[in-house]
Amino acid sequence: MDDCTRYFNEIADLRLQNLDDENQTELFAHLAACRDCRDLMHFHEDLTSAGDEFGVVESGALARVRERVLDEIRSTEAVVPVVQKPAVFWSVGRTRFLAAAAVAVMAVGSFTAGRMAVGVNPTGGDLLVATLEDGAQEHRRLRDVEDSPNIISNVAVRKVGEGRLAMSFDVARHIEIERPVDDPLVNEVLVHAILDQSSMGSRLKAVSMAAGVENGKVEEALLFSMLEDPDLPVRMRALEILAKRPISDGVEQGLMEVLRHDESMQMRLLAIEVLAHGDPGGQRVLEDFLETDEAVEPAIAERLASFVQS
Amino acid sequence: MPETVDEILIEKTLAGSLECYDVLMQRYEKDVYAVARGYTRSVDDSLDICQNVFLKAYRKLDTFAGRSSFKTWLVTIAKREGLNWVRNRSRKAPANVVDLETVQLQTGIDQETDLLETERRQKVVDGLQVLNQRSRLAVILRYFRDMPIRDIAVILDCSEGVTRNMLFRSVQKLRAVVMAE
């Protein structure tokens with residue numbers, strides 16, 4: 001079987017014609033003697049031909065997508081590709097652009113924040129825009145803009161008339177607060193942090209901090225993290241946190257998803273352990289799973305059997 | 001100095017040529033669409049994801065530093081966009097509801113053997129749903145888009161060895177599912 005594992009990659013390479021003559025000869029000799037690998041090769045063919053149709057889409061649909069993209073770019077007058085080459089020039093170019101944008105805000109006084117259109121003199125408690133306006137008037141030098149606590153990004157500008165510009169952009173601001181663990185804002189921020197794709201470290205920390213939080217959306221975020229986070233440490237921590245709570249139906253189903261689909265053996269074994277030591281419902285689910293004869297690795301089957309027997 | 005066709009097209013796009021960006025989109029639209037289909041089986045949703053991907057790529061084009069190929073960079077954006085789509089959907093729907101609308105493969109073939117083949121392909125496509133998102137993406141990129149292992153490893157942010165193992169396990173799992181039906 002070890003040999004067969006080795007030939008798996010060669011079968012795939014053969015399909016892509018990446019295999020040299022010597023390895024081809026060796027592979028064909030193996031295929032002649034091994035029915036399982038012959039079947040595997042046929043399955044590779046099925047898989048490849050399924051790919052021919054997987055991406056099939058009505059003729060013209062992708063052309064229409066391209067057209068919509070170009071229309072959208074034209075309508076926003078393409079602010080972004082103003083810099084010829086990235087990396088080195090980006091921070092300077094970006095800062096200059098922000099400065100220019102701040103000046104434009106002062107001079108023109110018509111802009112939008114997010115999807116919200118805002119008039120010249122925002123009213124109705126639009127504190128964010130008012131704060132930005134105050135900042136824009138106070139900032140006299142480039143350094144003032146750079147030191148601003150508000151971070152402006154994703155900027156698009158277009159002309160809307162004589163002497164007027166419409167602007168859309170995202171605003172982020174660094175905030176430090178201290179609140180009780182059950183505060184709705186704490187829950188909200190934790191959910192955002194658990195879902196934050198930019199940093200594994202912050203997701204891991206947020207998942208750990210969610211341990212003592214009893215809240216539906218936080219539990220849902222933990223469940224999502226356990227099932228879908230790209231990083232194993234985060235998925236595992238989420239599973240551990242969920243395991244310490246009373247196991248709801250949703251979490252039980254999530255654990256079964258882990259058992260069936262997670263790429264990490266550790267995660268699958270942990271899911272079995274949590275289900276086996278949880279309420280009787282979890283053990284019944286494991287028994288049912290064992291009886292369905294789903295294909296599982298020997299280690300998983302062994303662990304399942306040991307729990308079910310005990 | 002730009003060396004590849006992509007680099008030339010990118011440079012011209014950055015200089016303001018939307019025609020060149022159109023060509024760039026054409027070159028990789030099928031790759032982006034296939035990745036999108038890995039996250040949703042609805043054609044309309046997949047096309048919406050494609051649109052978002054190309055808009056985001058355009059807006060971030062000046063940050064493309066050429067450390068990977070443009071295709072790899074674009075597929076990474078598509079992966080992130082697909083993940084966001086699933087996340088937004090999971091916020092709207094109960095956590096245990098998975099996006100499993102029935103997909104009809106488009107064929108106009110009525111001969112029996114072709115029907116059997118189509119049925120087999122359908123089983124394989126359906127079987128993709130047993131894989132988690134990362135594994136499904138790896139299979140789509142490797143087997144449907146012929147992407148090299150090293151590029152898939154960059155997109156999945158893991159080593160080539162892990163990518164190979166993931167593909168091995170995924171194909172075995174898919175095969176078991178298809179054969180069981």
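Please read these numbers as outputs of a predicted model, since none were measured by experiment. Chain letters run A, B, ... following the sequence lines, proteins first and then strands; every chain starts at 1.
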Discussion item. Pair B/Lys173, A/Glu263 - check salt bridge (charged side-chain N to carboxylate O under 4.0 Å, His left out), show working.
Written reply: CA-CA 11 Å; B/Lys173 192 182 261 188; A/Glu263 67 203 44; over 6 Å; no
Fill in: Criterion side chain to side chain contact (heavy atoms under 4.5 Å, CB included) on A/Leu70 and B/Met25, from CA distance to verdict
CA-CA 10 Å; A/Leu70 295 175; B/Met25 286 193 286; 3.8 Å; yes
Within a radius of less than 6.0 Å around [atom1] of [X], do more than 12 heavy atoms belonging to other residues, nucleotides or ligands occur?
X: A/Gln266; atom1: CD; value: no
X: B/Lys12; atom1: NZ; value: no
X: B/Arg150; atom1: CZ; value: no
X: A/Asp249; atom1: CG; value: no

Heavy-atom closest pair, residues [X] and [Y]:
X: A/His44; Y: B/Val171; value: CE1-CG1, 4.4 Å
X: A/Asp39; Y: B/Arg175; value: CB-NH2, 3.4 Å
X: B/Asn132; Y: A/His261; value: ND2-O, 3.1 Å

Nearest 0.5 Å please: distance from the [atom1] atom of [X] over to the [atom2] atom of [Y].
X: B/Asp22; Y: A/Glu67; atom1: CG; atom2: CD; answer: 7.0 Å
X: A/Leu40; Y: B/Gln172; atom1: CG; atom2: CD; answer: 6.0 Å
X: A/Asp71; Y: B/Gln51; atom1: CG; atom2: CD; answer: 9.5 Å
X: A/Leu47; Y: B/Ser170; atom1: CG; atom2: OG; answer: 10.0 Å

Practice prompt. May I have the step-by-step check of side chain to side chain contact (heavy atoms under 4.5 Å, CB included) for B/Leu18 and A/Ile73, ending in yes or no?
Written response: CA-CA 9 Å; B/Leu18 285 185; A/Ile73 292 170; 3.7 Å; yes
Practice prompt. Would you sort out whether B/Tyr21 and A/Val69 count as a side chain to side chain contact (heavy atoms under 4.5 Å, CB included), showing the intermediate values?
Written response: CA-CA 10 Å; B/Tyr21 191 59; A/Val69 170; 4.2 Å; yes
Less than 4.5 Å to any heavy atom of chain A: does that hold for the side chain of [X], its backbone, both, or neither?
X: B/Val139; value: side chain
X: B/Leu156; value: neither
X: B/Met166; value: side chain
X: B/Ile140; value: side chain

Discussion item. Between A/Phe43 and B/Val124, is the side chain to side chain contact (heavy atoms under 4.5 Å, CB included) condition met? List the steps.
Written reply: CA-CA 9 Å; A/Phe43 184 71; B/Val124 174; 4.2 Å; yes
Worksheet item: Hey, is A/Asp262 close enough to B/Arg134 for a salt bridge, meaning N to O under 4.0 Å?
Response: no
